[in-house]
Asks: 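I'd like to ask you about the structure that follows.
Just so you know, ligand 1 is whichever comes first in the structure, and atom 1 is the first atom listed for that ligand. Numbering of residues begins at 1 and proceeds along the displayed sequence. Everything numeric in this text was worked out from a predicted model, so none of it was measured.
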Amino acid sequence: MSKISAAITGVSGYVPDYILTNQELETMVETNDEWIVTRTGIKERRILKKEGEGTSYIVNQAVRDLLQKTNTSPEEVELIIVATTTPDMVFPATANLVANETGLVNAFGYDLQAACSGFLFALSTGAKYIESGRYKKVIIAGADKMSSIINYEDRTTCIIFGDGGGAVMLEPNTEGFGIIDEVLKSDGSGAPFLHMKAGGSRRPATHETVANKEHYAYQEGTTVFKFAVKGMADVAAEVMERNQLTGDDVAWLVPHQANKRIIDATSSRMNIGSDKVMINIDRYGNTTSGTLPLCLWDYENQLRKGDNIILAAFGGGFTWGSIYLKWAYDPQ
Ligand code: UT7
């Protein structure tokens with residue numbers, strides 16, 4: 001029997017309607033459009049303003065669209081993994097809420113948290129179910145409502161993050177398309193530089209934690225930047241080397257959208273031109289687990305069967321990694 005690989009057979013995405021521009025941020029904190037664009041590449045980001053809606057709202061839209069695009073009935077889906085750092089609730093898992101709301105009645109589901117590398121780690125996890133031969137339809141979603149943990153008085157973080165996400169369908173492939181290789185890493189010694197101080201079991205919510213604004217993302221940007229530039233480029237280069245790929249062999253780099261300068265460092269290390277790099281940071285900012293599926297969604301029409309694609313991410317934890325896959329379909 002030929003080897004089973006896990007191929008992406010469809011992509012969808014969702015971003016909320018509300019656009020928070022750099023100009024609007026200028027009225028909220030001491031910042032300016034020129035600083036934000038030069039230092040990060042971001043011009044605007046989306047914010048989910050719907051009262052009482054969390055990350056599941058984003059994933060629900062993406063999953064419904066994915067089912068339609070791939071001509072899949074909800075009953076056929078066997079598993080959904082939602083990568084997110086901003087689940088609707090501590091429990092139950094956002095995946096369970098989504099499965100219930102989108103009619104995935106035969107699927108089991110769970111969330112996976114690896115900050116900005118969440119989608120990458122979830123894609124790797126989902127692929128193993130397919131490669132085992134036991135599962136045929138697995139949905140991997142990555143989404144975050146970052147606005148729920150951002151302090152809009154802190155100019156060092158509020159300019160970066162946005163809300164949004166996407167989903168992919170994974171199915172078995174025996175023709176050599178799909179996920180080929182991966183390099184995934186984590187290092188908990190990076191935790192102090194990017195984390196949320198309170199709200200977990202170590203420091204549950206109290207009046208004091210709220211008053212101290214400890215329920216927001218805390219980041220030491222320059223330190224994270226240094227690790228990200230090296231980490232993301234290292235793993236992308238390693239996965240290419242292991243598979244004897246040169247820059248010319250790579251059709252697309254799909255990089256986590258945290259900072260345009262980190263993306264440029266990675267593509268230059270891979271020796272690929274900017275025309276092969278997926279970019280939407282200018283429009284969506286950093287949507288954490290949402291960036292990679294949103295890139296695939298935006299660029300889906302330009303992808304061709306057989307394209308060599310390198311995904312790469314770096315984020316809180318620290319977590320980072322790169323996945324090499326061969327795209328499995330031409331535009332519809
Ligand atoms: O996706 C998860 C992983 N996260 C990342 O990969 C993010 C990595 N870090 C970064 O992208 C960058 O470090 C930031 C965009 C967060 C910050 O850029 P930076 O070039 O590292 O700036 P900085 O923190 O070194 O600050 C430089 C200056 C400072 O002023 P002084 O001390 O030089 O006078 C800041 O106070 O810029 C100032 N500054 C701002 N000025 C205008 C910081 N934030 C702002 C702002 N607007 N929003």
Asks: Any non-hydrogen protein atom below 4.0 Å of atom 41 (N) of ligand 1?
Replies: yes
Asks: Considering only the protein, which heavy-atom contact is closest to atom 27 (C) of ligand 1, and what is its distance?
Replies: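 Of the protein heavy atoms, Arg39 NH1, 3.6 Å lies nearest.
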Asks: Strictly less than 4.0 Å: does any protein heavy-atom distance to atom 14 (C) of ligand 1 fall in that range?
Replies: no
Asks: Are any non-hydrogen protein atoms located under 4.0 Å from atom 48 (N) of ligand 1?
Replies: yes
Asks: Any idea which protein heavy atom is nearest atom 46 (C) of ligand 1, and the distance to it?
Replies: Thr31 OG1, 3.3 Å
Asks: Decide whether Ser73 and Glu75 meet the rule of one side-chain donor and one side-chain acceptor closer than 3.5 Å.
Replies: yes
Asks: Would you mind listing which atoms of ligand 1 come within a distance below 4.0 Å of any non-hydrogen atom of Ile160?
Replies: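 Heavy-atom distances to Ile160 below 4.0 Å select 16 (C).
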Asks: For ligand 1, which atoms sit closer than 4.0 Å to a heavy atom of Thr40?
Replies: 15 (C)
Asks: Please tell me whether Thr70 and Thr9 have a donor and an acceptor in their side chains that are separated by less than 3.5 angstrom.
Replies: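 Thr9 and Thr70 do not have a side-chain donor-acceptor pair below 3.5 Å.
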Asks: Among all protein heavy atoms, pick out the one at the shortest distance from atom 30 (O) of ligand 1; state its residue, atom name and that distance to 0.1 Å.
Replies: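 Ranked first by proximity to atom 30 (O) of ligand 1 is Arg155 NH2, 4.6 Å.
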Asks: Output the list of atoms in ligand 1 that are nearer than 4.0 Å to some heavy atom of Asn286, sorted by atom number.
Replies: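 Under 4.0 Å from Asn286, ligand 1 has these atoms: 1 (O), 2 (C).
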Asks: For the side-chain hydrogen bond (donor to acceptor under 3.5 Å, both in side chains) test, which of Thr84, Thr291, Thr55 pairs with Asp144?
Replies: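 The residue from Thr84, Thr291, Thr55 that satisfies side-chain hydrogen bond (donor to acceptor under 3.5 Å, both in side chains) with Asp144 turns out to be Thr84.
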Asks: Which is it for Trp35 and ligand 1 at heavy atoms under 4.0 Å: side chain, backbone, both or neither?
Replies: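 The part of Trp35 near ligand 1 is the side chain, not the backbone.
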Asks: To the nearest 0.5 Å, how far apart are CZ in Arg203 and CG in Asn212?
Replies: 7.0 Å
Asks: Measuring from atom 7 (C) of ligand 1, which candidate in Glu34, Gln219, Arg261 has the nearest non-hydrogen atom?
Replies: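 Closest candidate by heavy-atom distance is Gln219.
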Asks: Among Thr222, Thr319, Ile262, which one has a heavy atom closest to atom 25 (O) of ligand 1?
Replies: Thr222
Asks: With no hydrogens and no angle check, do the side chains of Thr246 and Asp248 hold a donor and an acceptor under 3.5 Å apart?
Replies: no
Asks: Applying a heavy-atom cut-off of 4.0 Å, say which part of Ile159 lies close to ligand 1: side chain, backbone, both or neither.
Replies: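 Ile159 to ligand 1: side-chain contact only, backbone stays beyond 4.0 Å.
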Asks: Determine, for Lys145 against Asp88, whether the closest basic-nitrogen to carboxylate-oxygen distance falls under 4.0 angstrom.
Replies: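 Asp88 and Lys145: not salt-bridged.
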Asks: Taking the basic N atoms (NZ, or NE/NH1/NH2) and the acidic carboxylate oxygens, is any pair closer than 4.0 Å for Glu182 and Lys128?
Replies: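 Yes, Glu182 and Lys128 are salt-bridged.
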Asks: Arg45 side chain to Ile160 main-chain N or O, any donor-acceptor pair under 3.5 Å?
Replies: no
Asks: Nearest protein heavy atom to atom 9 (N) of ligand 1, by residue and atom, and its distance?
Replies: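 In this structure, atom 9 (N) of ligand 1 has Gly221 O, 3.0 Å as its nearest protein heavy atom.
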Asks: Counting heavy atoms only, which of Leu194, Thr85, Asn259 is nearest atom 11 (O) of ligand 1?
Replies: Asn259
Asks: Just say parallel, tilted or perpendicular for the rings of Phe193 and Phe227, cut-offs at 30° and 60°.
Replies: parallel
Asks: State whether any protein heavy atom lies less than 4.0 Å from atom 1 (O) of ligand 1.
Replies: yes
Asks: Are any of the N/O atoms on His256, whether in the backbone or the side chain, positioned under 3.5 angstrom from an N/O atom of ligand 1?
Replies: yes
Asks: What do you think, any protein heavy atom under 4.0 angstrom from atom 32 (O) of ligand 1?
Replies: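 Looking at atom 32 (O) of ligand 1, one finds that no protein heavy atom lies closer than 4.0 Å.
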Asks: Counting from 1, what ligand 1 atoms have a heavy atom of Val224 closer than 4.0 Å?
Replies: 3 (C), 4 (N), 5 (C), 6 (O)
Asks: Which of the atoms of ligand 1 are close to Ala258, meaning less than 4.0 Å from one of its heavy atoms?
Replies: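 Going through ligand 1 atom by atom, the ones under 4.0 Å from Ala258 are 1 (O), 5 (C), 6 (O).
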Asks: Look at the side chain of Glu171 and the backbone N and O of Gly10, then say whether any donor-acceptor pair between them is shorter than 3.5 Å.
Replies: no
Asks: With the side chain counted from C-beta on, respond yes when Arg283 and Lys43 share a heavy-atom pair under 4.5 Å apart, and no when they do not.
Replies: no
Asks: In terms of side-chain heavy atoms, does His256 have a donor or acceptor partner in Ser117 at a distance below 3.5 Å?
Replies: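 Short answer, no.
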